[in-house]
Amino acid sequence: MPTRRRPAASNPRRRRLARALLAAVAALAVLAAGLGGLVVWQHTYDLREEAVTVRHGGRTLHGVLALPEQGKGPFPLVVFVHGDGPVDATHDTFYRPVWEAFARAGYASLSWNKPGVGGAPGDWLDQTMDDRAREAADAIAWARQRPDVDADRIGLWGASQAGWVLPKVAAMDGRIRFAIAVSPAVNWLRQGRYHLLAELRRDGASDAETAAALRRRETGLELLARGASYEEYVRAVGDPQGMTAGRWRFAAKNHTADVTADLPALRGMPVLLVLGGRDLNVDTADTEAAYRRLLPAPPLRVARYPGASHGLVKYDVEASPPRLTLTALFAPRALFADGYLADQRRFLASLDH
């Protein structure tokens, strides 16, 4: 006569396994809730954000005004000027740790979506550096009308491509009090060559590949110089390799940019030049030499971060996509080079003494 099996529910081993699985699921749920709480906490900043619509000079900008957590002001203001690309007001939240550092020094921050980004009217690829400077000047004029902004204590913060914009804004507005220039470029053509060679070295390109890339670049520059169309460019180089018609239009408007004629507009005001030691986009030695030549010390201060990338993120973090993602999620302030946030906060605090 065959032996009858016990029902599954009556099997002690299975019951223990079920209890263990339930405990594991519960532990994972607790862990997930804890990690979720950690993420929320890490992305909670000591400041107040207000969505604003800047209307001035016939221009409409969609932005964010980040204010210190306490007080009614009027607060001194830092106006943010973006680098290259389709950047929104928060730079995909990248700005928030910087805004927090500034808020802790008692400063507000103002930033806005580039044209065509986040529903904003226009197209940033249609802008010249002069257009960008006029846009910032309009935003500053709007901010001066707000009762929570100290109209006489407004300065600029700008990264990368903004290096060509900041001095133009200062030339337009003689009331600008200070500037923070993060990884700014000096000359469009020199920067482009430096960036190309730096990326080729990083990627281990052969001598033949490097020579071909440089020939391709020279062809593009010759076409830009004579005002060639995008279609001519594509016929000349074949595969456009990411050069869109819009990007070609933008390069045609801006490829002669050079800051040396405009940089003296920053003379006499405190300027903090921020440089990363592992910048693949900008030749920081060239930049520092130009700033020291054209801007006198002591108003000029230079802060160097040897292990930082172009965006002043720790290079080793930026070079590892998984590490970059985890750090951005669980410790966004730790993305930046050690001392970067604190040094800017101290720079602003020093302006009040």
Side-chain angles (χ1 to χ4, degrees), residues 82-87 91-92 114-117 123-132 158-165 181-262 275-290 308-313 315 318-321 324:
H82 307 307
D84 193 19
V87 185
H91 201 336
D92 292 326
K114 278 191 174 184
V117 176
D123 184 347
W124 65 273
L125 287 168
D126 287 332
Q127 291 186 307
T128 65
M129 297 302 127
D130 286 328
D131 293 334
R132 298 198 62 204
S160 191
Q161 190 182 95
W164 291 304
V165 181
V182 180
S183 308
V186 171
N187 177 279
W188 181 292
L189 299 181
R190 290 202 303 272
Q191 176 204 332
R193 190 175 194 278
Y194 172 87
H195 178 43
L196 174 62
L197 291 173
E199 286 198 324
L200 289 168
R201 284 193 298 270
R202 180 198 62 193
D203 297 340
S206 67
D207 290 345
E209 289 169 330
T210 299
L214 289 172
R215 284 195 301 271
R216 179 190 181 92
R217 179 177 182 274
E218 288 304 315
T219 298
L221 293 178
E222 290 169 7
L223 291 168
L224 285 171
R226 65 178 177 82
S229 68
Y230 177 67
E231 290 71 25
E232 289 178 85
Y233 171 76
V234 173
R235 284 197 298 270
V237 302
D239 180 3
Q241 294 186 9
M243 175 64 79
T244 65
R247 190 73 192 181
W248 179 259
R249 186 172 69 246
F250 184 74
K253 292 173 181 286
N254 294 293
H255 71 280
T256 60
D258 188 296
V259 79
T260 53
D262 297 320
L275 303 172
R278 303 194 68 178
D279 193 327
L280 301 183
N281 295 67
V282 168
D283 183 346
T284 56
D286 182 52
T287 292
E288 183 173 353
S309 68
H310 181 62
L312 274 294
V313 170
Y315 184 84
E318 187 174 289
S320 168
L324 179 64

Spacing of OH belonging to Y233 relative to OG1 belonging to T219, to within rounding of 0.5 Å: 8.5 Å
Which residues share a side chain to side chain contact (heavy atoms under 4.5 Å, CB included) with E218, sequence neighbours left out: L221
CD-CZ distance between E232 and R226, expressed to the nearest 0.5 angstrom: 5.0 Å
Sidechain-backbone polar pair: H255 side chain, A251 backbone, donor-acceptor under 3.5 Å: yes
Which atom of L196 lies closest to which atom of A213, heavy atoms considered: CD2-O, 3.9 Å
Minimum heavy-atom distance between P240 and Y230, given as atom pair plus value: CB-OH, 3.7 Å
Closest heavy-atom pair and its distance - F250, W188: CE2-CH2, 3.7 Å
D203 atom CG: more than 12 heavy-atom contacts under 6.0 Å: yes
Which atom of E318 lies closest to which atom of S309, heavy atoms considered: OE1-OG, 2.9 Å
Donor-acceptor side-chain pairing of D258 and T260 below 3.5 angstrom: yes
Straight-line distance of T210 OG1 to R215 CZ, nearest 0.5 Å: 10.5 Å
Rounded distance (nearest 0.5 Å) linking atom CG of L200 with atom CG of L280: 11.0 Å
Whether H91 and H82 hold their rings parallel, tilted or perpendicular, with breakpoints at 30° and 60°: perpendicular
Derivation and outcome, side chain to side chain contact (heavy atoms under 4.5 Å, CB included), residues W164 and N254: CA-CA 10 Å; W164 291 304; N254 294 293; over 6 Å; no
Straight-line distance of K253 NZ to M129 CE, nearest 0.5 Å: 11.0 Å
W124 side-chain N/O to V87 backbone N/O, donor-acceptor pair under 3.5 Å: no
G276 to T284 - nearest heavy-atom pair and separation: O-CG2, 3.6 Å
Residues Y194, N187; criterion side chain to side chain contact (heavy atoms under 4.5 Å, CB included); working and verdict: CA-CA 11 Å; Y194 172 87; N187 177 279; over 6 Å; no
T128-D131 side chain donor-acceptor pair, cut-off 3.5 Å: yes
Cationic N near anionic O, under 4.0 Å, D84 to R247: yes
Shortest non-hydrogen contact between L275 and P184, atoms and distance: CD2-CD, 4.3 Å
Heavy atoms of other groups near R193 CZ, more than 12 under 6.0 Å: no
By side chain to side chain contact (heavy atoms under 4.5 Å, CB included) - contacts of S183 (at least two apart): D279, H310, L312
Pair D283 + R190: basic N to acidic O under 4.0 Å: no
Separation between CZ of R217 and CG of L189, rounded to the nearest 0.5 Å: 6.0 Å
Close side-chain approach of R249 to D123, heavy-atom, < 4.5 Å: yes
